[in-house]
Amino acid sequence: MSFAAVIGIAICSAVITGIVKRLDNGLSVYVGVGCAVVLTYFALGYFRPLAELFSKLSALEGVGGYAKTVFKLAAIGTLTCIASDICSDMGENSIASKIELVGKGASCVAVVPVLEDLIYSVIDFLM
């Protein structure tokens, strides 16, 4: 689906959610989350070429570990943002901030192997 079509769907979703909000405020949250899920599905299609690139890079010797780490970081960041936004839309800002904290922690853990390789490389270089 083209980018313009996804933007059109997003605008229509915002209008529909606004109309439903005037009719029933409680129901509008579910309509908004449903629209967000549909838009997320379409948005994930744009990540397919990136996933294929990282898959090819991960097969290369010496680069594979770093490509996997970069892909993990991109996935963690994207999923954290989506989950946090959904919780914020539902009015659960406290949960949204905790999701962001978990995402930051997961990112730090994903980077540990790269930092370890860097430290050992520096030590080998100095000795």
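We number each residue from 1, following the sequence as shown.
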For this session: Identify whether I11 and Y46 are in the same connected component of the hydrophobic contact network (ILVMFWY, side-chain heavy atoms under 4.5 Å).
Result: yes
For this session: Kindly give the heavy-atom pair with the smallest separation between I99 and S84, and that separation in Å.
Result: CG2-N, 4.1 Å
Problem set entry | Verify same cluster id: L39, Y41 (apolar side-chain graph, 4.5 Å) | yes
Exercise. So which pairs with a foot in residues 68-105 pass ring-ring contact (aromatic ring centres under 6.0 Å, His included), sequence neighbours left out?
Worked result: F54-F71
Exercise. Where do I76 and S107 come nearest, in terms of heavy atoms and distance?
Worked result: CG2-OG, 3.5 Å
For this session: Please confirm whether the backbone N or O of A75 pairs with a side-chain atom of T78, one donor and one acceptor, at under 3.5 Å?
Result: no
Problem set entry | For I95 against C87, the heavy-atom pair lying closest together | CG2-SG, 3.8 Å
Problem set entry | Same cluster (ILVMFWY, side-chain, under 4.5 Å), V122 and F125 | yes
Problem set entry | Identified side chain to side chain contact (heavy atoms under 4.5 Å, CB included) partner of T40 from the options V38, L44, V37 | L44
Problem set entry | Cluster overlap F42 with F3, hydrophobic side-chain contacts below 4.5 Å | yes
Exercise. Minimum heavy-atom separation for C35 to T17, with atom names?
Worked result: SG-OG1, 4.2 Å
Exercise. Given the rule that I, L, V, M, F, W and Y join up when any side-chain heavy atoms are under 4.5 Å apart, are L118 and Y120 in one cluster?
Worked result: no
Exercise. With clusters built from Ile, Leu, Val, Met, Phe, Trp and Tyr whose side-chain heavy atoms come within less than 4.5 Å, directly or transitively, what are the remaining members of the cluster of L115, listed by chain and number?
Worked result: L73, V111
Exercise. To which residues is Y30 joined in a hydrophobic cluster, defined by side-chain heavy-atom contacts under 4.5 Å among Ile, Leu, Val, Met, Phe, Trp and Tyr, whether direct or through other members?
Worked result: none
